[in-house]
Structure formats: C-alpha cells, structure tokens
**Q** 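This structure is in structure tokens; I'll ask about it shortly.
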Amino acid sequence: MIPRIDVRGAIAKKQFSSKLNFEYEADGTLLDIPFVSFSSPVEVALRYEILENDDVEITGQMRFSLKGECSRCLSAAEQSFTAEIDGLFVAGESDGETYGYRNGVIYLEEFLRDGLLVALPPRLLCGTCSAQDGENE
Ligand SMILES: [Zn+2]
C-alpha cells in the first residue's frame, strides 16, 4: 500500500517533518528487460519536510530486487538495487520540475513511479557476468 501524506493534518498538528516507511508491489510493466520480474515488494523509506510556503520536500530511498534470466548468459540471476529519490511538491499545479498536490493531500504514486523508472537497470546480470563486466571496465 502506498500511503498518502496528509499535509493539512500535519500542519494542524505542527508536525512539519516526519518519516514514512512502507512497501508496495511495483508495476511489472515498468520493467523493460526480457524474462525479468520484481522478486519482492519495493521497500520505501521517505522523510518529508513541510516548508513555510506549504511546499513539501521529500527525500528517501527505494530498495527493490529483480530476478530472472541473466541478460547475457541466460542463467538465473537475482540482484538488489537501492536508489536515492527526492522531489518537491508544491501546493497547486505541477510546473514540470516539481509535483503538484491539491486539497492538502500528497499522493506518492507518480513520484515513486518516476523514481523507479530512473533506478531500473537496463539489464540484469548474474554474479559471473557482472564480475566479468567489472573487469572489462
Ligand atoms: Zn550471466
């Protein structure tokens, strides 16, 4: 489940920064690697801070694992990834660089989707192939 952030409620409680930890099932269609899928829910740890102008800064980490066939040798492969994510949510419309939020509530779906898209590797390699890959570089 992806939680919402109740900005208005947080401001009323004068709780201007807080942490969120949750897991959710990633949308497998985001993955563009043949025969590879998410092998666990995405683990998310976020920290948000409500600024004086009601903009909300969010930073954190996503962790996820992929498993399937090695993109090079087709043996079984599984690998975990961690990505840093951050974003700014402004009250009202998004201006393209920031995310917008309305009615005092932030929905994180688009933010997480964007973060995951940036973090997804172009291919999955097994231990042997990624070791060889490292030697070549
Ligand atoms: Zn391999």
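Start at 1 and go down the list; that is how both ligands and their atoms are numbered.
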**Q** Between E93 and R102 (salt bridge meaning N to carboxylate O under 4.0 Å), is one present in this structure?
**A**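 Yes.
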
**Q** Only counting residues at least two apart or in another chain, list the ones meeting side chain to side chain donor-acceptor pair (under 3.5 Å) with N21.
**A** none

**Q** Around the Zn ion (ligand 1), how many protein N, O or S atoms are there at under 2.8 Å?
**A**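 Every protein N, O or S atom under 2.8 Å from the Zn ion (ligand 1) counted, the figure is 4.
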
**Q** Counting C-beta onward and ignoring hydrogens, is there a side-chain heavy-atom pair between Q79 and L66 closer than 4.5 Å?
**A**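 A side-chain contact is absent here, since even the closest heavy-atom pair is not under 4.5 Å.
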
**Q** Kindly write out the residues that satisfy side-chain contact (heavy atoms from CB on, under 4.5 Å) with S40, not counting sequence neighbours, or none if the list is empty.
**A** S65

**Q** Quick check: do I85 and D114 have side-chain heavy atoms less than 4.5 Å from each other?
**A** no

**Q** Name all pairs fulfilling the ring pair (Phe, Tyr, Trp, His ring centres under 6.0 Å) condition that reach into residues 74-110, sequence neighbours left out, sorted by first residue then second.
**A**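 Passing the test, one end in residues 74-110: F64-F81, F89-Y99, F89-F111, Y99-F111.
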
